Structure formats: C-alpha cells, structure tokens
*Asks:* 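Before anything else, here's the structure in question.
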Amino acid sequence: MADPEGPKRPEAPHEAPVRERGVATQTRPRVQRPPRFKVLLYNDDYTPMEFVVALLEQVFGKSPAAATELMLLIHRSGMAVAGVFVLEVAETKVATVHNLAEQRGYPLRAGVERE
Ligand code: TYC
C-alpha cells in the first residue's frame, strides 16, 4: 500500500549533523501592540455625583460599586483614569462623555493621555 504521506526525503548518510555555532541567544517574537490611551475624567463643582456614577457604568462598563468609588476618587483628588483604550475608542469615549454632559448642561470634562 502506498504511504499516504507521500514519498519521504531520502536519508543522506554522508552529511555531517548541522551544529549551531556562536553564542546561544534567545529571541522573543516581536508582537506589535497598539499604543493605549487613558481616558481621564476631571472633577468640577456642578456635575451631580449620580450623573457621574451612571456615566461610569454606562460608558465605561463599571459596576455600581466601582463607579461610585471612582467618582468619589475624582471628587476628592480632582481627576482619575476612567479606562484605557486604543486611541480611536478613547476619543469616542471622551466625545460621548462631553455629549451626554452637554445634553444636561453639565460642565463635566474628559481627556485622553498616552499611557
Ligand atoms: N464634584 C461634583 C459634586 O460635588 C461631583 C463630581 C465627581 C463631578 C466627579 C465630576 O468627574 C466628576 N457634585
């Protein structure tokens, strides 16, 4: 019966085994990771706390507990990172924050910063 894998390369009995020369080095395959960008949310004196919590849940996928904690961090420290994304997504998040805040007449500001 024929070999289903087809003909094999014939042995070469006179070839010396190939040995690596030089210093052994190890290389990692270089994968290109896209740069990532932080979306920063800034405190102000007018945007209601509940609005910021709801926005952190809806726009940034935070749990109610995480959103409340993050809102309080921003309220107390002035600013915090709401999430980290590739640039296009980060810019869309910022635009969404500004649009939602503007619709309600709140001065809430967000910005993007390279990680
Ligand atoms: N400082 C606001 C207030 O006391 C609450 C607030 C929190 C506003 C976070 C913006 O990013 C913000 N109502």
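For clarity, every value in this text was computed on a predicted model and none was experimentally measured.
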*Asks:* As a test of understanding, state which of Val89, Leu40, Val112 forms a side chain to side chain contact (heavy atoms under 4.5 Å, CB included) with Val94.
*Replies:*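 Output: one option passes, namely Val112.
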
*Asks:* What ring-ring contact (aromatic ring centres under 6.0 Å, His included) pairs are there with at least one residue in residues 90-115, not counting sequence neighbours?
*Replies:*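 Residue pairs passing ring-ring contact (aromatic ring centres under 6.0 Å, His included), neighbours aside: Phe51-Tyr106.
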
*Asks:* Just jot down the side chain to side chain contact (heavy atoms under 4.5 Å, CB included) partners of Pro34, sequence neighbours excluded, or say none.
*Replies:*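 Result, side chain to side chain contact (heavy atoms under 4.5 Å, CB included) vs Pro34: Val86.
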
*Asks:* Return all side-chain donor-acceptor pairs below 3.5 angstrom for residues 70-78, not counting sequence neighbours, or 'none' if the list is empty.
*Replies:*
residue : atom : partner : partner atom : Å
Ser77   : OG   : Leu73   : O            : 2.7
Ser77   : OG   : Met79   : O            : 3.1

*Asks:* Sorted by first residue and then second, give each salt bridge (charged side-chain N to carboxylate O under 4.0 Å, His left out) pair with at least one member in residues 36-50; sequence neighbours left out.
*Replies:*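 Every salt bridge (charged side-chain N to carboxylate O under 4.0 Å, His left out) pair that includes a residue of residues 36-50, provided the two are not neighbours, is Lys38-Glu113.
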
*Asks:* Under 3.5 Å, which donor-acceptor pairs do the side chains of residues 55-65 form with other protein atoms, sequence neighbours left out?
*Replies:*
residue : atom : partner : partner atom : Å
Lys62   : NZ   : Ala82   : O            : 3.3
Ser63   : OG   : Ala66   : N            : 3.0

*Asks:* Same cluster or not: Leu87 versus Val84, using hydrophobic residues (I, L, V, M, F, W, Y) connected whenever any side-chain heavy atoms lie under 4.5 Å apart?
*Replies:*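 Hydrophobic grouping puts Leu87 apart from Val84.
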
*Asks:* Can you sort out the partners of Arg114 under side chain to side chain contact (heavy atoms under 4.5 Å, CB included), two or more places apart, ordered by chain and number?
*Replies:*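 Scan of Arg114 (side chain to side chain contact (heavy atoms under 4.5 Å, CB included), adjacent residues dropped) gives Pro35, Phe37.
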
